[in-house]
J.: 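Have a look at the structure that comes next, please.
Residue numbers begin at 1 in each chain, while the letters A, B, ... track the order of the sequences.
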2 protein chains.
Amino acid sequence: MTTEVDGFGPRRTLRPSAKVLPEQARAHNRSLVLQTLYRQGALSRADLARETGLTRVTVGDLVAELLDESLAIELGTRTDGNRPGKPATLLDLHRDGHRIIGLDLGDTDVFRGAVLDLDGTILHRHDVDARTLTGDAATRAVHELAAALLALADRPVLGIGVGSPGVVDLAGTVLSAPNRGWRDEPLQRDLHAAFGVPVIVANDANAAVLAEFGFGGASRDLMLVMVGYGVGAGLLLDGTPLFGPRSAAGEIGHVVVGTDGGDACACGKHGCLETWLAVPRLHARLAAGEPRDEVLRQTGERLGIALAPVVGALDLSEVVLSGPAELLEGPLAQATVDTLRQRTMEQFHGELTVRMTALGADIVMRGSAVMVLSARLGVS
Amino acid sequence: MTTEVDGFGPRRTLRPSAKVLPEQARAHNRSLVLQTLYRQGALSRADLARETGLTRVTVGDLVAELLDESLAIELGTRTDGNRPGKPATLLDLHRDGHRIIGLDLGDTDVFRGAVLDLDGTILHRHDVDARTLTGDAATRAVHELAAALLALADRPVLGIGVGSPGVVDLAGTVLSAPNRGWRDEPLQRDLHAAFGVPVIVANDANAAVLAEFGFGGASRDLMLVMVGYGVGAGLLLDGTPLFGPRSAAGEIGHVVVGTDGGDACACGKHGCLETWLAVPRLHARLAAGEPRDEVLRQTGERLGIALAPVVGALDLSEVVLSGPAELLEGPLAQATVDTLRQRTMEQFHGELTVRMTALGADIVMRGSAVMVLSARLGVS
DNA sequence: TTTGTTCGTAAGGTCTACTAACAAACATGA
DNA sequence: TCATGTTTGTTAGTAGACCTTACGAACAAA
């Protein structure tokens, strides 16, 4: 909250779109308590009251509700620190009381899945072979994977999060995923119908950027570039993922880079970012004997050229790369940040960083877990 | 509201940041009524209830409050249409009951200002000479302009909106405006202190994009490029203006365009967008006898090259230009849209448009009025 | 033992929006 | 003409959410 110094309250968003009932206000405050508990761990009711600004009475009421649903548990009385007064009863999320299923459909060879706890720790893994799978066969494989993971979960499942390649709308329908031959595939609806568990499906890069925000210690404004068979990106602006009016935000793989030509792309254009950056292309160039460091430096430069207008327009200070570390880390990332610094306003990006994700190959599955946490608990 | 088909409600944002009290929920619903009235004009209480989803009772209560504050008025009973039942009492915003002051500090020669009504119609204008004004002298000129406009307002003033060049933070402090020699200039605070009226100060391009959204019939996702002495942009994403973590979103004037060099820029780099697009540069090239259409086509192409990654990453379908129409309209805008189509995914931008604003030179002042409407009434 | 502090809860009040019911004012059709 | 049905706006009462106030329990320190 900003202080009232000029006759205005804190600047608000422009769109009051729907009515707000008291019930929804309570749900909001409940999420606030849950989120505080999620991030700070063992706290008493009084701590929560101080942290949230609600009164002890209200917090006590909300906590009772959470205890009822076994979303929270009491840990016992606080022992550390000889403080006066009645000792506090510590609370925490019931972190071991529920499970989350996370799916990553972005790989060309396998559909990967995991059972996670509320902290995003992976407890069990399961993959299914997905080579050459398209259409209904691919959909069936996803259902089989989900079923196998649900069988592995030994606690109530909070939900299933799915990171899918392609363009995914807000209802979790895969509007278009050429590699899998999906068009208007209602994955979220069908998985929910099949398993009766809340399901949330989103683009894999969008899931990944949420993982980086939730578990990777990233800032509230962030661009995550996923490099694999293709190139995609997820954008987080002020802590909120950007989807775009046609759900196609982050689709930068087929933006033409530079004004000096480039290789032909499957899309029909020349010099798309994917013709420079996709992993198969890089492997081909390296296999052809081109000098490794020079190839990586050139590639990083191209990425920087493509990202510079985006970084400038969005005022970003953090770009994270996800994909094969042996290619992206080092010269490539360095060339990217150098290029970005050369091509945007220096004074605004003293702190501009380009780095690899610390979450490795699990980033999409863990991001899927964040989606479930966010949707179910309002936690992030 | 999406329907509940998959166990999740409508997708929510990620951050419950502060507690919500019943009082704030009511303020939200009040804004909802106000916004409905603002956009749809003469409506009865029953109409408002149907439109907002609130009950007639609640709407009646909220309307009574608005009538008390003379923000709304009763127009009398509905006469048109022989319908059964008790005739409705029509309501409207008291559109002639208040005034808004809008300021545009973006021109190099003058500070421009206007008195507007709630519909954004300009009732009175007043300018002050601003050539060579910097620092405190510039600040004084702004205060004089505001005072003159307040004297012209014959109704209570809802607030003063200011569109300033440079980087402006959320508190309305101009962090940096080189042309005026402003650094950390607390314009919003000082204007409020001087006149006792709510004041809101933001970057001029951000104000402009709000005008285009509020009065220009633009969509919820929009980039507005202002071309003048420099080049700046305002971004609207899902109806919400983007400010950026350092309040520098939209600062694209010094992004390098292309990979084939370019003229030297005042910032020290070569080939910045401003070296191609700024009005003085264009006038210089035309005065030097270069062929007009070719110059404009080249310039539009450069703008397209710079915007392509942004349009792709943000999934934009609408780009609006503001500035001298004789330069921007026609070949330049056409070359921009052609270039954008050539450099981004075709399938996603069948509807991609690049056009001039219909609001002309008043766009920033009218955008400033939108900022006041938004902040004071929750209307947009 | 006394005093002061902290925690959690109980009781009661206020605010918000809801449901139910009704009078007023109209059109329509018997 | 008059009964009937419809629509509007208001009154009265109810349920929910959070608040303030008050209190007992459990502790440390004097």
J.: Ignoring hydrogens and angles, answer whether the base of C:dG8 and the side-chain atoms of A:R45 contain a donor-acceptor pair closer than 3.5 Å.
T.: no

J.: The side chain of A:A46 lies closest to which of these nucleotides: D:dC27, C:dC7, D:dC18?
T.: C:dC7

J.: Taking the nucleotide of DNA chain D with the nearest heavy atom to each, does A:R56 or A:A25 sit closer to the 5' end?
T.: A:A25

J.: For a quick check of understanding: with a heavy-atom distance under 4.0 Å over all strands, which category does A:R50 fall into, base, sugar-phosphate or nothing?
T.: sugar-phosphate

J.: May I have the distance from A:L43 (atom CG) to C:dG8 (atom C1'), rounded to whole angstrom?
T.: 16 Å

J.: For B:D61, report the nucleic acid contact type (base, sugar-phosphate, nothing); a contact means any heavy atom under 4.0 Å.
T.: nothing

J.: NA contact type, B:T89, heavy-atom cut-off 4.0 Å: base, sugar-phosphate, or nothing?
T.: sugar-phosphate

J.: Between A:R26 and D:dG16, does any side-chain N or O lie under 4.0 Å from OP1 or OP2?
T.: no

J.: Just the rounded figure in Å: distance from C1' of C:dT6 to CG of A:L48.
T.: 15 Å

J.: In plain terms, say whether A:D117 and A:R99 are close enough for a salt bridge, that is, a side-chain N and a carboxylate O under 4.0 Å apart.
T.: no

J.: Report the distance from atom NZ of B:K86 to atom P of D:dG5, rounded to the nearest whole Å.
T.: 21 Å

J.: How close or far is atom C1' of D:dC19 from atom CG of A:L62, stated in whole angstroms?
T.: 13 Å

J.: Expressed as a whole number of angstroms, how long is the span from B:L54:CG to C:dC18:C1'?
T.: 11 Å

J.: Hydrogens and angles aside, do B:D47 and B:S44 bring a side-chain donor and acceptor to less than 3.5 Å of each other?
T.: yes

J.: Measure the distance from NE2 on B:H28 to C1' on C:dC15 and round it to the nearest whole Å.
T.: 18 Å

J.: Side-chain N or O of A:N29 less than 4.0 angstrom from OP1 or OP2 on D:dC18?
T.: yes

J.: B:T55 side chain N/O closer than 4.0 Å to the phosphate oxygens (OP1, OP2) of C:dA17?
T.: no

J.: Between A:L21 and A:A88, who's closer to the 5' end of DNA chain C by nearest nucleotide?
T.: A:A88

J.: To the nearest Å, how far apart are B:E74 CD and D:dT8 P?
T.: 15 Å

J.: Begin with the C-alpha distance, continue with both residues' side-chain angles, and end with the deciding distance and a verdict on side-chain hydrogen bond (donor to acceptor under 3.5 Å, both in side chains) for A:E51 and A:T36.
T.: CA-CA 8 Å; A:E51 200 72 29; A:T36 308; over 6 Å; no

J.: Tell me what B:S44 touches on the nucleic acid: a base, only sugar-phosphate, or nothing, going by heavy atoms under 4.0 Å.
T.: sugar-phosphate

J.: Can you tell me how far C1' of C:dC15 sits from CD of B:E65, to the nearest Å?
T.: 12 Å

J.: Got a salt bridge between B:R366 and B:E212, using NZ or NE/NH1/NH2 to carboxylate O under 4.0 Å?
T.: no

J.: Closest-nucleotide mapping onto DNA chain D: is A:E23 or A:V57 further toward the 5' terminus? I mean the 5' end.
T.: A:E23

J.: For A:Y38, run the side-chain contact (heavy atoms from CB on, under 4.5 Å) check against A:V33, A:L377, A:L373 and tell me which one passes.
T.: A:L373

